[in-house]
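In what follows, residues are counted from 1 in the order of the sequence shown.
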Amino acid sequence: MSLTIGFDIGGTNIVCGLLDENGQFLAKVKQGTERERGSDYIIGKLAAMIDEVLAEAGEDRSRVAAVGVGTPGFVDPIRGVSVFAGNLQWRNVPLARLLEERIGIPVFIDNDVRMYVYGESIRGAGRGFDCVFGITLGTGLAAALVDRGELYYGGAFMAGELGHIRIEGEDAQCGCGMRGCLETVASATGIARLAKEAIREGRKSVLQQWCADPDMQSLTAHQVSQAYDAGDDVAVEVMNYVGKQLAKGLSYAVSLLSPDVIVIGGGAALAGERLFKPMRQELSKHVYHGYWERLQIRQGQLIDDGGVIGSAAFARKRLAER
Ligand SMILES: [Zn+2]
């Protein structure tokens, strides 16, 4: 009974990994989420993916001690319920119980970003630090805190929505219903949006040639990074601006939580120093020097696998505590 399985459920793909007791991958499979087919179908898919990773590694199900699932939105990890996930259109889905009934192995679930940051804290960029604050910059911005090995949840398990603090001077419509939220700027979506807007206002950019469709709908944060490397003025300005606004949001977290390290994951974290350099400059102006002098800021090391590693380790921990 020494193996664990971790899942990372995203809006587009589900990744499943079989890990040994040292947290090393024995097998990994990825499938489309097909979220339009609903929760029962997706839970059936999770069960099938377990069979698939076991077959790939030549292992028996009886050796699996626990299954961990990182899933988007608000999650109650104690009851094992996905309370609300807008992008999956789930409301009060008792995911842990339903999956456990199918597979006969204990199942533990939590929010996907918490599982990613937990993974980074034990096996990635946050390893060795007492207090790890992690954010992911993807479609939006979400955060989680691991303090001395324990996740912080807050009331109703809703802690970590740093993406929805409002930033002065911002006014874009956010998916949450408010305007000017941090994640409308500091996210992969925000980076692409700001570049598009600058071009629409008449600025010249190499991105106009790189992104052929008329409204530049397909423009990505990654292309903005590439344009930055080509010395493109619009890309440089966007990265500097996003870094600066991100720092304003992070300054609240740093002052409130005193993390030893901020780990930055998610697709837009691949921008690395293009984004982190202006962010550091601005953050140093916004936080008490006692915090600033000891704060580390690191790119995530487990960008793709952190959620799977974290949820597998989380399941092992929860099982031991049970
Ligand atoms: Zn918002």
Side-chain angles (χ1 to χ4, degrees), residues 1-10 13-31 42-71 75-82 94-130 132 134 144 146-153 263 265 300-322:
M1 297 276 281
S2 60
L3 308 179
T4 46
I5 285 173
F7 278 100
D8 187 9
I9 302 181
N13 289 304
I14 300 172
V15 184
C16 173
L18 177 68
L19 287 83
D20 68 15
E21 52 227 326
N22 300 313
Q24 300 299 314
F25 277 94
L26 300 176
K28 185 165 78 168
V29 296
K30 184 175 177 176
Q31 282 195 20
I42 291 174
I43 291 164
K45 182 188 289 252
L46 300 181
M49 288 176 84
I50 289 174
D51 291 335
E52 222 179 305
V53 282
L54 287 169
E56 196 181 309
E59 286 287 355
D60 190 81
R61 150 188 308 265
S62 65
R63 291 241 300 140
V64 180
V67 174
V69 183
T71 188
V75 177
D76 179 339
I78 304 300
R79 291 191 301 135
V81 173
S82 166
L95 178 60
R97 178 174 62 78
L98 294 175
L99 182 58
E100 203 168 308
E101 281 170 4
R102 280 187 188 241
I103 62 174
I105 305 169
V107 175
F108 301 93
I109 72 168
D110 207 335
N111 167 269
D112 57 344
V113 175
R114 274 191 208 119
M115 294 296 88
Y116 169 76
V117 175
Y118 188 67
E120 288 283 1
S121 77
I122 55 170
R123 298 202 195 283
R127 197 174 182 165
F129 292 96
D130 282 338
V132 179
V146 181
D147 187 17
R148 292 161 178 84
E150 298 293 332
L151 282 156
Y152 179 79
Y153 287 102
V263 176
Q301 289 173 356
L302 311 174
I303 303 279
D304 286 337
D305 292 331
V308 171
I309 292 170
S311 57
F314 174 79
R316 189 180 287 281
K317 175 174 147 53
R318 287 284 309 275
L319 184 71
E321 289 165 355
R322 200 184 242 183

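- The shortest distance between side-chain heavy atoms of F7 and M49 falls below 4.5 Å.
- Taking both residues in full, the closest heavy atoms of V15 and K30 are given as CG2-CG, 4.1 Å, listed atom of the first, atom of the second, then distance.
- Side chains of E59 and L3 form a contact here, defined as non-hydrogen atoms less than 4.5 Å apart.
- F314 and I109 get closest at one heavy-atom pair: CE2-O, 3.7 Å.
- The shortest distance between side-chain heavy atoms of T71 and I9 falls below 4.5 Å.
- Under the 4.0 Å criterion applied to side-chain N and carboxylate O atoms, R318 and D110 are not assigned as salt-bridge partners.
- Here the CG-CG distance, from L95 to D76, works out to 12.0 Å after rounding to the nearest 0.5 Å.
- In terms of heavy-atom proximity, S311 sits nearest to G70 at CB-N, 3.8 Å.
- Atom OH in Y118 sits 7.0 Å away from atom CG in L151 (nearest 0.5 Å).
- Between E100 and I105, the shortest heavy-atom contact is CG-O, 3.1 Å.
- Nearest heavy atom pair, residue G124 against residue Q301, reads C-OE1, 3.2 Å.
- Under 3.5 Å, the side chains of S2 and R63 contain a donor-acceptor pair of N or O atoms.
- Using a 4.5 Å heavy-atom threshold, the side chains of I43 and R102 count as touching.
- Under the 4.5 Å side-chain criterion, counting only non-hydrogen atoms from C-beta, V53 is in contact with I5.
- Using a 4.5 Å heavy-atom threshold, the side chains of V64 and T4 count as separate.
- In this structure, R61 contributes its side chain and I103 its backbone to a donor-acceptor pair below 3.5 Å.
- For E56, there are no salt bridge (charged side-chain N to carboxylate O under 4.0 Å, His left out) partners two or more places apart in sequence or in a different chain.
- Partners of K317 under the salt bridge (charged side-chain N to carboxylate O under 4.0 Å, His left out) rule, at least two apart in sequence or in another chain, are E150, E321.
- Contact check for L302 versus V308: no side-chain heavy atoms found under the 4.5 Å cut-off.
- In this structure Y153 satisfies the ring pair (Phe, Tyr, Trp, His ring centres under 6.0 Å) test together with F157, sequence neighbours excluded.
- The distance from atom CG of L98 to atom CG of L46, rounded to the nearest 0.5 Å, is 10.5 Å.
- No side-chain heavy atom of V69 sits less than 4.5 Å from a side-chain heavy atom of F108.
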E52 vs Q31, side chain to side chain contact (heavy atoms under 4.5 Å, CB included): CA-CA, chis, key distance, verdict:
CA-CA 11 Å; E52 222 179 305; Q31 282 195 20; 2.9 Å; yes

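- A distance of 7.5 Å separates CG in D60 from CG in L54, rounded to the nearest 0.5 Å.
- Here I309 contributes atom CD1 and D304 contributes atom CG; the two are 10.0 Å apart, rounded to the nearest 0.5 Å.
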Side chain to side chain contact (heavy atoms under 4.5 Å, CB included) for F25 and D305? Distances and angles first, verdict last.
CA-CA 10 Å; F25 277 94; D305 292 331; 4.0 Å; yes

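- Distance check: Q24 CD to L18 CG gives 12.0 Å after rounding to the nearest 0.5 Å.
- For the residue pair A27 and A57, the shortest heavy atom distance occurs at CB-CB, 4.0 Å.
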